[in-house]
Number of protein chains: 2
Amino acid sequence: MQLNAEYKSLLEDALERSGLRATKQREQVFSVLLDKRDHPTADEIYARARCEMPSISLATVYNCLETLTESGLIRAVNFEREPTRYCPNLTQHAHFYCKATGEIIDIDLNENILSELKAALPPGYRAEHIEIAINGHSN
Amino acid sequence: MQLNAEYKSLLEDALERSGLRATKQREQVFSVLLDKRDHPTADEIYARARCEMPSISLATVYNCLETLTESGLIRAVNFEREPTRYCPNLTQHAHFYCKATGEIIDIDLNENILSELKAALPPGYRAEHIEIAINGHSN
DNA sequence: GCCTTTATTTAGAATTATTCTTATTAATGC
DNA sequence: GCATTAATAAGAATAATTCTAAATAAAGGC
């Protein structure tokens with residue numbers, strides 16, 4: 001758990017804004033996500049967090065992931081019916097899932113694509129969140 | 001189960017191409033999806049199918065949905081961790097989910113948006129399927 | 001710094017959509 | 001029409017996630 005000062009205050013500020021406390025467990029989970037940005041599942045995050053904090057429970061990992069998501073610090077990513085994955089990349093991006101390797105990469109999106117999507121909505125419909133999941137192969 | 005001739009042969013041809021049989025249950029499930037295009041869940045499809053075919057089982061509904069999806073006749077739609085929903089609209093489209101009403105509508109996409117998305121992938125990455133889920137509110 | 005209040009964590013039970021298993025039933029090809 | 005093979009039915013099993021209740025830890029007032 002070597003959360004650098006920048007991320008530590010990012011975490012504290014965001015939690016405080018939501019009226020939540022900055023706890024060691026929330027710090028640990030956030031740190032796991034920042035350390036290796038490979039879109040881990042709750043189980044994988046639990047395994048990694050336990051290396052440094054053996055007493056943390058799976059339920060707490062789920063709780064932390066929920067509060068971090070609600071505070072806008074991380075993002076939950078779903079692929080079909082697979083376990084939810086998490087990423088700390090908050091820029092608007094899509095996800096590419098390689099069927100062969102299981103690798104998941106972030107695809108940066110320019111503002112143009114997003115506004116075209118919003119423009120495709122019928123009048124009176126306002127987009128709040130756009131999830132784009134692309135799957136295929138890489139070589 | 002009043003599957004018109006056009007859809008009946010569409011179903012039979014698609015199943016035959018996949019080496020599968022056209023059964024009453026598969027016809028029934030397909031018909032339920034065509035009758036009311038409101039993106040029902042497996043449970044809802046089960047309830048509707050039972051009105052006309054009381055002996056159908058939930059497991060069969062799941063099996064039929066899987067074979068219809070694999071045969072390319074219907075599409076599975078996922079919103080976050082919610083139960084999978086199904087739709088018979090095979091044109092490339094996104095889904096809009098209204099948080100207030102739960103309503104789900106299809107958003108037609110022009111080829112332009114899709115090719116821009118494909119162009120955003122790094123070299124060597126090929127898109128096979130693109131899922132776009134937009135949520136927000138309507139008024 | 002200590003005490004109270006309130007939030008958070010823990011551990012394990014509960015939930016729920018979905019899949020699996022096995023016996024039964026129904027299509028298909030001859 | 002009969003044998004073969006696929007599909008269905010019913011219920012058990014699975015797995016990710018959520019819930020529950022008791023224990024613990026932060027935060028603010030004194």
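Below, all heavy atoms of this structure are taken into account, side chains as well, without hydrogens, waters or symmetry copies. Each chain gets a letter, A, B and so on, in the order its sequence line appears, and its residues count up from 1.
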Atom-to-atom span, CG of A:Asn63 to P of C:dT10 - whole angstrom: 9 Å
Contact under 4.0 Å: B:Thr60 side-chain N or O vs D:dT8 OP1/OP2: no
Side chains of A:Asn135 and A:His95, donor plus acceptor under 3.5 Å: no
Short side-chain N/O contact to C:dA26 OP1/OP2 from B:Gln25, under 4.0 Å: no
Minimum-distance nucleotide (side-chain atoms of A:Asp43 versus C:dT10, D:dT17, D:dA16): D:dA16
A:Arg81 vs C:dT18: side-chain N/O to OP1/OP2 distance below 4.0 Å: yes
Chi angles and distances behind the salt bridge (charged side-chain N to carboxylate O under 4.0 Å, His left out) call for B:Arg48, B:Asp38: CA-CA 12 Å; B:Arg48 292 179 201 173; B:Asp38 59 351; 2.9 Å; yes
Distance below 4.0 Å between B:Thr41 side-chain N/O and C:dA17 OP1 or OP2: no
Position toward the 5' end of DNA chain C (nearest nucleotide), B:Pro83 or B:Ala59: B:Pro83
Lys/Arg cation over aromatic B:Tyr46: B:Arg50, 6.0 Å, 45° cone: yes
Spacing of A:Leu20 atom CG relative to D:dA27 atom P, expressed in whole Å: 12 Å
Gap between atoms CD and P, on B:Glu66 and D:dT8 respectively (whole Å): 12 Å
Short side-chain N/O contact to C:dA27 OP1/OP2 from B:Thr23, under 4.0 Å: no
Separation of atom CD in A:Glu44 from atom P in D:dA16, rounded to whole Å: 11 Å
Interatomic distance where CD belongs to A:Glu82 and C1' belongs to C:dA17 [whole Å]: 15 Å
5' priority, DNA chain D, between A:Thr84 and B:Arg26 [closest heavy atom]: B:Arg26
Atom pair distance, as rounded to whole Å: CD in A:Glu70 and C1' in D:dT18: 14 Å
Rounded interatomic separation in angstrom, taking CD from A:Glu80 and P from C:dA17: 18 Å
B:Arg85 or A:Ile56, whichever maps to the more 5' nucleotide of DNA chain C: A:Ile56
Listed partners of A:Tyr97 passing ring pair (Phe, Tyr, Trp, His ring centres under 6.0 Å), at least two apart: A:Phe79
Distance below 4.0 Å between A:Arg21 side-chain N/O and D:dA25 OP1 or OP2: no
A:Arg17-A:Ser71 side chain donor-acceptor pair, cut-off 3.5 Å: no
Distance below 4.0 Å between A:Tyr62 side-chain N/O and D:dT17 OP1 or OP2: yes
Touch class at under 4.0 angstrom, heavy-atom based, for A:Thr67 against every strand present: nothing
Distance, rounded to the nearest Å, where A:Ile45 contributes CD1 and D:dA16 contributes C1': 13 Å
